[in-house]
Amino acid sequence: MKNGNIDTHKKCRNKLNSFLDSCNFCDIWRVFNPDKKQYTWHSNSKPPIFCRLDFFLISNDFPK
């Protein structure tokens, strides 16, 4: 996320992260693009907000 409120939906984000950890999932796009800034959604508000909404989750056990 860029320019948004990082505390929005904190409980939901924590539950999702716990679920991903418990299932041993990772976002493979982020694994291969750790520093890349690409977003799937943006708002033209002032300041503009950019978010990446889609994820491609795989098991951490899958060979990378």
Side-chain angles (χ1 to χ4, degrees):
M1 180 185 312
K2 179 178 175 188
N3 293 335
N5 184 347
I6 196 69
D7 290 328
T8 302
H9 306 292
K10 191 173 189 175
K11 286 183 184 178
C12 292
R13 188 172 48 254
N14 288 341
K15 284 189 182 267
L16 177 60
N17 286 335
S18 280
F19 172 75
L20 296 177
D21 288 343
S22 70
C23 293
N24 200 28
F25 287 154
C26 69
D27 177 8
I28 194 65
W29 189 88
R30 180 57 59 207
V31 169
F32 285 107
N33 300 282
D35 300 319
K36 198 165 201 174
K37 305 277 192 233
Q38 282 187 318
Y39 306 98
T40 51
W41 180 86
H42 76 278
S43 166
N44 291 325
S45 62
K46 301 292 183 206
I49 298 171
F50 301 86
C51 295
R52 188 169 156 254
L53 302 177
D54 57 337
F55 299 92
F56 189 24
L57 303 174
I58 67 166
S59 170
N60 274 315
D61 298 327
F62 194 82
K64 295 174 184 92

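No experiment lies behind these values; they were computed from the predicted model shown.
- Applying the salt bridge (charged side-chain N to carboxylate O under 4.0 Å, His left out) criterion to D27, with sequence neighbours excluded, gives R52.
- Residue F25 is found in a hydrophobic cluster whose other members, listed by chain and number, are L16, F19, L20, F55, L57; membership requires side-chain heavy atoms under 4.5 Å apart, directly or through intermediates.
- Residues passing the side-chain hydrogen bond (donor to acceptor under 3.5 Å, both in side chains) test with S45 are S43, sequence neighbours excluded.
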Verdict with supporting geometry, C26 and I58, side-chain contact (heavy atoms from CB on, under 4.5 Å): CA-CA 6 Å; C26 69; I58 67 166; 4.0 Å; yes

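- Closest approach of T40 and L53 over heavy atoms only: OG1-N, 2.6 Å.
- Shortest non-hydrogen contact noted between K36 and R30 is O-NH1, 3.4 Å.
- Contacts classified as salt bridge (Lys or Arg N to Asp or Glu O under 4.0 Å) and involving residues 39-50 (residues at least two apart or in different chains) are not found.
- Under the side chain to side chain contact (heavy atoms under 4.5 Å, CB included) criterion, K37 pairs with Y39, sequence neighbours left out.
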